[in-house]
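Start at 1 and go down the list; that is how both ligands and their atoms are numbered. Predicted, not measured: the structure shown is a model, and the values here were computed from it.
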Amino acid sequence: MLKTYDLTKRYGSFLALDHANIEVAQGECCGVLGPNGAGKSTLFRILMGFLRPTHGHAEIGEYDCQKSKKAVHSLVSYLPGDVRLFGEMKGKQVLDFFADIHPRGSRERSYATAKRLELDTSRRVGYMSTGMRQKLGLSIALATDAPMLIMDEPTTSLDPNVRGEVIRMIGQAHKSGRTVVICSHVLSEIEDICDRAIIMRQGKVVHDQCLKDLARRHSVVFQLPHPLPRVPVAIRDRVISARQEGHTVQLETEGELRDVMAWITQLPSSDLKVTRMGLREVYDRFHAPVSEHAA
Ligand SMILES: Nc1ncnc2c1ncn2[C@@H]1O[C@H](COP(=O)(O)OP(=O)(O)OP(=O)(O)O)[C@@H](O)[C@H]1O
């Protein structure tokens, strides 16, 4: 459904997107992660044809994102990272305008989405709070029946209850068969609805994680008074990594845990701690928290 080929964007001498090769299959929900400035919005703007790549190209549904913008726009409902709408217009007028210009828009669905998000559409956009403007943008983007959603930080500026509702709505769009590409700094949102997460750093795609595989990964930490013996052959494929510092052993495992635990418990181990690996652990491999950089 979406494919980028060595997609690269330079702003002057600054490399914002660096030979990004991304593929998203039809019906997939793909999260795009990365710290501020990693190139996520630049990627999305190129996909929508609002920015021209310096090198490479992108396709959505076999249409070139630069050469066939109109066809791409009819396939995609896009929520930009900075929702800018007409300040003089009332919420309802904005909904009507976008429902009428998008080939797959619908005034009724826009009103229903705004109602679900508890947005007062009688208010002028200029008088709306940041969160209300975000709800208005969402009411536009979530109301089309375009087969693909591209959402740049959809829950930004929203209160926790509305955030949950928006993530549920995007999850429902995915379940109904639509392809979703979403970027968010809230890792739990990505874990909740995505099949895959792409991690970006300084314009590069540095990791592609299937979230189903991640659910089967565990970190097992325990104390051992002697060096860790060789992992038995029978469970070697389930122990991805093993580290020992002093008496502390840390194993990263994949798949069924039972046999690994049976081996550990017949060692003189103590203080056993098992935690399911989450996206946070994977993300931190590429982007250690700021305090760790400072240390
Ligand atoms: N018009 C521009 N001119 C120069 N540099 C730009 C321009 N637009 C973006 N950049 C730079 O490109 C880099 C990538 O920006 P981008 O907005 O794509 O990041 P992002 O991953 O979306 O960040 P955030 O999470 O903060 O939204 C940043 O360093 C940004 O300062």
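Taking atom 17 (O) of ligand 1 as the reference point, the nearest protein heavy-atom neighbour is Ser41 CB, 3.7 Å. Here the heavy atom of the protein found nearest to atom 26 (O) of ligand 1 is Asn36 ND2, 2.9 Å. The closest protein non-hydrogen atom to atom 18 (O) of ligand 1 is Thr42 OG1, 2.6 Å. What sits closest to atom 10 (N) of ligand 1 on the protein, heavy atoms only, is Tyr11 CE1, 3.3 Å. The protein non-hydrogen atom at the shortest distance from atom 13 (C) of ligand 1 is Phe14 CE2, 3.5 Å. If you check which protein heavy atom lies closest to atom 23 (O) of ligand 1, you get Gly37 N, 2.8 Å.
If you chain together hydrophobic residues whose side chains sit under 4.5 Å apart, Ile198 and Leu7 fall into the same group. Hydrophobic clustering keeps Phe44 apart from Ile199 (ILVMFWY residues linked when any side-chain heavy atoms are closer than 4.5 Å, directly or through intermediates). Linking Ile, Leu, Val, Met, Phe, Trp and Tyr whenever their side-chain heavy atoms come within less than 4.5 Å leaves Leu267 and Val233 in two separate clusters. Met48 and Ile140 are not part of a single hydrophobic cluster, where members link through side-chain heavy atoms under 4.5 Å apart. In terms of hydrophobic clustering, with Ile, Leu, Val, Met, Phe, Trp and Tyr side chains grouped at heavy-atom distances under 4.5 Å, Val180 and Met1 are assigned to different clusters.
Inside a 4.0 Å radius of atom 31 (O) of ligand 1 there is not any protein heavy atom. The nearest protein heavy atom to atom 28 (C) of ligand 1 is closer than 4.0 Å.
For His185 and Tyr283, the ring centers sit 6.0 Å or farther from each other.
Any N or O atom pair closer than 3.5 Å counts here, and Gly39 shares at least one such pair with ligand 1. Here's the thing with Gly34: none of its N/O atoms is less than 3.5 angstrom from an N/O atom of ligand 1.
Counting heavy atoms under 4.0 Å from ligand 1, residue Met200 does not touch it at all.
Judged by distance alone, the side chain of His102 and the main-chain N or O of Val76 form a donor-acceptor pair under 3.5 Å.
Judged by the shortest distance from any of its heavy atoms, Glu153 lies inside the 4.0 Å radius around the atoms of ligand 1.
Atoms of ligand 1 lying under 4.0 Å from at least one heavy atom of Ala38, given by number and element, are 19 (O), 20 (P), 21 (O). Under a 4.0 Å criterion applied to the non-hydrogen atoms of His185, ligand 1 contributes the atoms 25 (O).
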Q: Under the ring-ring contact (aromatic ring centres under 6.0 Å, His included) rule, what do Tyr63 and His73 come out as? Steps first, then yes or no, please.
A: CA-CA 10 Å; Tyr63 294 110; His73 289 183; over 10 Å; no
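Cation-pi geometry between Lys115 and Tyr111 is not satisfied (NZ or CZ under 6.0 Å from the ring centre, within 45° of the ring normal).
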